2 protein chains.
Amino acid sequence: MPEILKTHIARFISLKGEDSSQVLSFFQSIHLKKKQNILSEGQVCKQHYFVEKGLLRMFYINDKGVEHTIQFALENWWLTDLMSYQDRRPSGFYIQAVEATELMAINLEDQEKLLEQYPVMEKYFRIIFQKAYAANQLRIKYIHDLSSAEMYDRFAGQNPAFVQRVPQYLLASFLGFTPEYLSELRRKKLS
Amino acid sequence: MPEILKTHIARFISLKGEDSSQVLSFFQSIHLKKKQNILSEGQVCKQHYFVEKGLLRMFYINDKGVEHTIQFALENWWLTDLMSYQDRRPSGFYIQAVEATELMAINLEDQEKLLEQYPVMEKYFRIIFQKAYAANQLRIKYIHDLSSAEMYDRFAGQNPAFVQRVPQYLLASFLGFTPEYLSELRRKKLS
DNA sequence: CGCGGGTTTGATGATGCTCAAGCCCGGTGG
DNA sequence: CCACCGGGCTTGAGCATCATCAAACCCGCG
């Protein structure tokens, strides 16, 4: 479980050894069991999460009671409801562990202190958000351009390991269609 | 034309007067005529753009020849194809002025120098990307949850001025449906 | 063994696209 | 100043994609 965040930070900025440990002290380590929620609708999302091991998803439940997964976070990804986190407003989302998961978490006050004490961490987070934003631009393109069948083909083609790892209905709720339809797509695929 | 970027930066970080001018010297001022492209498919997107006045859009053309608008950038917004910009890869997008537009632009080398010389600008860009990413999380939610009719209602309700400003077919290409269908939606609205 | 969550199957129907035509209106050239 | 473009918006018929609902099935787990 150790040092994964430290290693990740070191990929983007350089910190002296002792600073590196100091920086880590701003974070709290958390373990989640499968299906455990760490954020529920109506709460303020108080922390920003870094996945060391396992898998998180962020989703919401619409008025018909259907879950829609906004995003997944695998190892080495950050996840939070940013609107809620940065403005301390109640969230419309849930964050849940898909598998047993090890996290590092930081809250807003500590993040502010951290950034003040170690301004080089601004660069780290700038890069993190920049990458996340870049990924989102591509995602919007795919959503606009691809049919459901194409979305599934592409996603399954690029992330075969991930597809193994999550149940079909979560995949469907992420790609934006129903489990029934995904089932139909898979059947056609085999012929 | 004056000082708009300077003012925007000052909203998020504080720079001494002379630094502030120094920072601005890293940017280039550009004027675009209506419908003029500043990025075309196949080129590397070499700059990051800040809109001082006017309106940009980023779009691509799919294999059927249909344009899809990924995002708009109004006054005080940044826009670039991040994947192309940060990795210097050919872009799949166009960036075009919807109206006559005044920009500030920075390229990757200058951005790197700027961030090195004025590390506090890391904070500025961190905040910019963080806000953009937050907006995207919401957008993904809406795309998943709302029907086309609801998308239009919500968007027109929240941005009435913007809807006045752009032709219907651009709005449709942004919201993810055809101009014909938008026309039909508007007709139903009036009854 | 039985229960229950997840997946499959199929019938029906709504949403939104395609294609083709007509219309409205502002701009341009004669 | 008028005539005629031509781009954008509208209208409508027919059709593809995908959702909904309900039932059956499969299989791992208690």
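Throughout, protein chains are lettered first and strands after them, A, B, ... in sequence-line order, and every chain is numbered starting at 1. Note that this is a predicted model, so its numbers are computed, not measured.
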* Decide yes or no for B/Arg89 and B/Met83: does some side-chain heavy atom of the first lie under 4.5 Å from some side-chain heavy atom of the second? =>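 B/Arg89 vs B/Met83: side chains touch.
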
* For DNA chain C, find the residues of residues 160-175 of chain A with a heavy-atom distance under 4.0 Å and give them by number; none if there aren't any. =>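 Heavy-atom cutoff 4.0 Å gives A/Pro167, A/Gln168, A/Tyr169.
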
Got a sec, which residues hit ring pair (Phe, Tyr, Trp, His ring centres under 6.0 Å) with [X], two or more places apart in sequence or on another chain?
{"X": "B/Tyr60", "result": "B/His68"}
{"X": "B/Phe59", "result": "B/Tyr94"}
{"X": "A/Tyr85", "result": "A/His48"}
{"X": "A/Phe26", "result": "none"}

* Which pairs pass side-chain hydrogen bond (donor to acceptor under 3.5 Å, both in side chains) with one or both residues in residues 15-28 of chain B, sequence neighbours excluded? ->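 Applying side-chain hydrogen bond (donor to acceptor under 3.5 Å, both in side chains) to every pair that reaches into residues 15-28 of chain B, excluding sequence neighbours, yields B/Gln28-B/Gln47.
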
* Give every residue pair that meets the side-chain hydrogen bond (donor to acceptor under 3.5 Å, both in side chains) criterion with at least one member in residues 114-127 of chain A, sequence neighbours excluded. =>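 For residues 114-127 of chain A: A/His8-A/Tyr124, A/Trp78-A/Tyr124, A/Glu122-B/Arg126, A/Arg126-A/Gln130, A/Arg126-B/Glu122.
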
* Using a 4.0 Å heavy-atom cut-off across all strands, classify B/Lys35 as base, sugar-phosphate, or nothing. =>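 Sugar-phosphate only.
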
* Using the heavy-atom set of chain B and a strict 4.0 Å cut-off, write down the first and last nucleotide of DNA chain D that makes it in, 5' to 3'. =>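 From 5' to 3', the first and last contacting nucleotides are D/dG8 to D/dG12.
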
* To do: With axes from five pairs an end, tell me the bend angle of the helix from C/dC1-D/dG30 to C/dG30-D/dC1, nearest 10°.
  =>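 Roughly 30° between the end axes, to the nearest 10°.
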
* So, B/Tyr152 versus B/Phe177, ring centres under 6.0 angstrom or not? ->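 Aromatic pair excluded; centres sit 6.0 Å or further apart.
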
* **Ring centres under 6.0 angstrom apart (B/Phe155, B/Tyr142)** =>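 Distance test on ring centres: not under 6.0 Å, no.
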
* Asked: Which letters describe nucleotides 10-29 of chain C, given B = protein heavy atom under 4.0 Å from base, S = only from sugar-phosphate, - = neither?
  -> S-----BSSB----------

* If you look only at pairs with a residue in residues 67-78 of chain A, which of them pass as a salt bridge (Lys or Arg N to Asp or Glu O under 4.0 Å), with sequence neighbours excluded? ->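 Residue pairs with at least one partner in residues 67-78 of chain A: A/Arg57-A/Glu67, A/Glu75-A/Arg165.
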
* Asked: Does B/Arg88 have any side chain to side chain contact (heavy atoms under 4.5 Å, CB included) partners at least two apart in sequence or in another chain, and if so, which?
  ->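 Testing B/Arg88 for side chain to side chain contact (heavy atoms under 4.5 Å, CB included), a comparison that skips the adjacent residues, returns B/Val44, B/Leu108, B/Glu109, B/Glu112.
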
* Taking the six-membered ring of B/Phe12 as reference, does the NZ or CZ atom of B/Lys131 fall below 6.0 Å from its centre and within a 45° cone about the axis? ->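 Judged by the rule, B/Lys131 and B/Phe12 form no cation-pi pair.
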
